[in-house]
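Structure first, then comments.
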Amino acid sequence: MPKIDHGKALRICETVNRVPVGKVASYGFIADLAGLPGRARMVGSALRQVSAYQDVAWHRIIRADGRLAFARGSDAAHRQTERLREDGVVVVNGRVDLARYHWQPELSELLQMNY
DNA sequence: TTTGTGACCGTAA
DNA sequence: ATTACGGCCACAA
């Protein structure tokens, strides 16, 4: 069972799973959309716990500057890189070009989730 | 109760 | 391009 608030974790996962294949989003951006402004760290800890037993698109979430959150060379970083490439996202030196791949939700989609 | 620690972030040197 | 710092907040010790 998750230690972190189930409601928040659920909202975070729902938001994360909205990121389309071939796109990425930052922890802070997801936090904002999930109604948790300024709590980027919580998105990270939520994903860490939930990804173990739930189906979440955790690999599409990266830092605000385009780098992967995991240390270069770590197993986790390699797994994430591979999954991103399967999505069609180009990753070079543990970094993604945000100008090209950062998710920009449509207005209609933003309104759909009331926050 | 206090303290240290993160899959973070924006700003400023 | 790096490093430092303060904010952020739930959790574990």
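Throughout, protein chains are lettered first and strands after them, A, B, ... in sequence-line order, and every chain is numbered starting at 1.
Applying the salt bridge (charged side-chain N to carboxylate O under 4.0 Å, His left out) criterion to A/Arg83, with sequence neighbours excluded, gives no partner residue. A/Asp75 is linked by a salt bridge (charged side-chain N to carboxylate O under 4.0 Å, His left out) to nothing, counting only residues two or more places apart in sequence or in another chain. Applying the side chain to side chain contact (heavy atoms under 4.5 Å, CB included) criterion to A/Val21, with sequence neighbours excluded, gives A/Arg60, A/Asp87. In this view, A/Glu109 and A/Arg18 satisfy the salt bridge (charged side-chain N to carboxylate O under 4.0 Å, His left out) rule, not counting sequence neighbours.
Regarding A/Asp5, its CG atom lies at a distance of 9 Å from the P atom of C/dA10, rounded to whole Å. The distance from atom CZ of A/Arg48 to atom P of C/dC11 is 10 Å, rounded to the nearest whole Å. A straight line from CD of A/Gln49 to P of C/dA12 spans 8 Å, rounded to a whole angstrom. Nucleotide C/dC11 holds its P atom 12 Å from the CZ atom of A/Arg39, rounded to whole Å. Atom pair A/Leu36:CG and C/dC9:C1' shows a separation of 11 Å (rounding to whole Å applied). Rounding to whole angstrom units, CE of residue A/Met42 and P of C/dA12 are separated by 13 Å.
Between A/His102 and A/Phe29, the gap from one ring centroid to the other is short of 6.0 Å.
Atom CZ of residue A/Arg41 and atom OH of residue A/Tyr27 lie 11.5 Å apart, to the nearest 0.5 angstrom. Within the model, atoms NE2 of A/His59 and CD of A/Glu86 stand 7.5 Å from one another, a figure rounded to the nearest 0.5 Å. Note that the CG atom of A/Asp32 and the OG atom of A/Ser26 stand 7.5 Å from one another [nearest 0.5 Å].
Taking only side-chain nitrogens and oxygens, A/Lys8 never comes nearer than 4.0 Å to OP1 or OP2 of C/dC9.
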Inset, instruction - Report, as a single string ordered 5' to 3', how protein heavy atoms within less than 4.0 Å touch nucleotides 8-13 of chain B: B base, S sugar-phosphate only, - not at all. - result: BSS---
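Listed here is the closest heavy atom pair of A/Val50 and A/Val56: CG1-CG2, 3.8 Å.
On the P atoms, C/dG7 is 22 Å away from B/dA7, given to the nearest whole Å.
Using a 4.0 Å cutoff on non-hydrogen atoms, no part of residues 84-95 of chain A comes near DNA chain B.
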